[in-house]
Amino acid sequence: MTNQQIAKIFREIAQILSVKDENPFRIRAYEKAAQNIENLTQDLKELAKTGKLTSIPGIGQDLALKIKEILETGTLKYYEELKKSTPPGLLKILEIPSVGPKTAKLLYEKLNIDSIEKLEEFAKSGKLYGLPGIREKTIENILKGIELIKKGKERMPLYKALEIASSFIDYLKSFSIVKKISEAGSVRRRKDTIKDIDILVVTSDPLKVSEEFVNFKKVKEILAKGTTKSSVLTDEDIQVDLRVVDPECFGSALMYFTGSKAFNIKFRQLALKSGYKVNEYGVFKGEKRVCGATEEEIFDFFGMEYILPELREDQGEIELALNKSLPKVISFEDVKGDLHVHSKYSDGGYTIREIADFCRKLGFEYVAICDHSQSLKVAGGVSIENLLKKIEEVKKINSEYKDFKVLCGAEVDILNDGSLDYPQEILEKLDLVIAAIHTGFKQSKSQLTQRIIKACKNKYVDIIAHPTGRLWGQREGYEIDLEEIIKVCLQTQTALEINCFPQRLDLNDINAKKAVESGVLLSLGTDAHILDQIHFLELGVSVARRAWATKENVINCWSWEKIKEWRQKRIKS
DNA sequence: GCCGTTTTCGGCCCGACTGTTTTCAGTCG
């Protein structure tokens, strides 16, 4: 049983309890526990062994026992009993937008509706009409919700959300009445997947802005429209929420709508303890408004350091901010170069010189050109003969730059037996070696893990690329024992990549945080095949920030000389 | 079900919008 699986059980228990109209605080306790487990960087099995389960926030005696039971028996009696009392389809019904626990319970008790199909049938035949609180509009909304479910309203990857958010923001910015505008929500926190998009504006004319917002060409349907809050559905069925606030509330509103929910709850509780109420309109002492125009002002008011949006997940950042001991996480400006770019030597679209000039203009100090290795024929794997030519070309280019360095690297395949796709004497000639798995995804967990571990133990390997192999919309990551790999990386001083390619973002935030906490180095690589993709570095920086990584943890923030020392030390040992 | 510089019992973040009511419950974030 993995952390994620256990979290899922708790989440499902919360849902079942909500349909049963149980104590809402008990329900939230399960939700909170599930959330904290999802974000946990330690393994529950380890915590259980050492009796430290209750050190997880939101896990008390009772839930600790339940976790132990799941770990020991593979299931939970309480959960199995609950499931028996609730038809599985009822939980599906809860996923329909506009249908919450109260409605689901009502539908089940009055009409025995226990599946989405049945609900749709009843809604269409008019049998819902007349139930307490249900008239035309409600039925219409239920049917719309069912349509959305059928289309599969799943979370979208971050890059997609950023794209949509900026199209709305650019559009709204074109109106002079929009004085201030910002993204909020999980987009601003740069979560790797996003459910819907939140935008916040300050304006002299709220009604007009709401009007223009719902009239945007990408809007397919208006879900809600008020003076301070409107919601629409785009032509791609993505929900975008607009909030209109007064300038003196901008900070408190931005903070509130940025979340996360858990962060907000913790922050408000903290404020209450010191006698203040915090809502989206500001910080209040009784009726008196104390502050709220900027986020900085609010954090400052409570004697806290500013907490970056990427850190706001109630993972201990609030306590650290109070102690003024937040880690100084990296920012884009700290990054001195991209360590994973493909050139025309393999399957990239540009020459090394073009890439170098592009990166130099971006203000970078170096770039590592890491083309595929010889056996990866589908991606134009570079033969040894061509690799030697590439080394010469890089030398020549470097001789022409004073302020920029091209690293001649390779993304070398980890072969089935864990050996590398170039011989040692060739690897020795390179400036940077990234090792990666591109074949045999279906192998067992231990096989894949051993392949990567063997690669880590090769002294020439600097970085493991896209360690878990996940590819958005195509496949989950292949099964590896990341804890084991992290242990080995710490010994061998091998870095793990945060692959910045939008569909990858691999390592993800949680895994990257595990690496940081264990003292394993991270490397940012865009895997760019064309120049524009080098901008993906910003996505990788977001992941690193969410992993609480500092400049010391990310080798891209080092000078080339320091990277060289790091790898020489390993090679000589 | 969790948790404790008001507490081991009695709290638990807070407000907007909708659709149904005729003052409010449900849903959402």
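The structure presented is a predicted model; accordingly, all values stated were derived computationally and were not measured. Chain letters run A, B, ... following the sequence lines, proteins first, then strands; residues in each count from 1.
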#### Entry: Under-4.0 Å side-chain N/O to phosphate OP1/OP2 contact, T138(A) with dT20(B)
yes
### Query
What's the CE-C1' distance between M255(A) and dG29(B), to the nearest Å?
16 Å
### Protein-nucleotide distance (L207(A), atom CG; dC17(B), atom P), rounded to Å
11 Å
### Message
Determine whether the aromatic ring centres of residues F536(A) and Y159(A) are separated by less than 6.0 angstrom.
### Response
no
### Message
Between dT22(B) and dC14(B), how far apart are the two C1' atoms, rounded to whole Å?
### Response
25 Å
### Message
Using a 4.0 Å heavy-atom cut-off, does Y281(A) contact any base of the nucleic acid, only the sugar-phosphate backbone, or nothing at all?
### Response
sugar-phosphate
### Task
Have a look at L272(A) and say if it touches a base, only the backbone sugar-phosphate, or nothing, with a 4.0 Å heavy-atom cut-off.
sugar-phosphate
### K105(A) side-chain N/O to dG26(B) phosphate OP1/OP2 under 4.0 Å
no
### Query
Any side-chain N or O of T228(A) under 4.0 Å from OP1/OP2 of dC17(B)?
yes
### Message
Counting the atoms with a prime plus P, OP1 and OP2 as sugar-phosphate, which does R26(A) contact under 4.0 Å by heavy atoms, base, sugar-phosphate, or nothing?
### Response
base
### Task
For D62(A) and for D198(A), find the nucleotide of DNA chain B with the closest heavy atom, then tell me which residue's nucleotide is more 5'.
D62(A)
### Query
Within less than 4.0 Å of OP1 or OP2 of dG19(B), is there a side-chain N or O belonging to N141(A)?
yes
### Query
For dT7(B), does the glycosidic angle fall within 90° of 0 (syn) or outside that (anti)?
syn
### Task
Determine, using ring centers only, whether F302(A) and F267(A) are less than 6.0 Å apart.
yes
### Query
Where each residue is assigned the nucleotide of DNA chain B containing its nearest heavy atom, which of K137(A) and P101(A) is assigned the position nearer the 5′ end?
K137(A)
### Task
Among dT20(B), dG1(B), dC14(B), find the nucleotide with the atom closest to the side chain of Y30(A).
dG1(B)
#### Entry: Check: F213(A) ring centre within less than 6.0 Å of F168(A) ring centre
yes
### Message
Regarding N23(A), tell me which of base, sugar-phosphate or nothing describes its non-hydrogen contacts under 4.0 Å with the strands shown.
### Response
base
### Any R268(A) side-chain nitrogen or oxygen under 4.0 Å from OP1 or OP2 of dC13(B)
no
### With S542(A), the side-chain contact (heavy atoms from CB on, under 4.5 Å) member among K191(A), R190(A), R189(A)
R190(A)
### Query
Are any of T227(A)'s side-chain N or O atoms less than 4.0 Å away from OP1 or OP2 of dA16(B)?
no
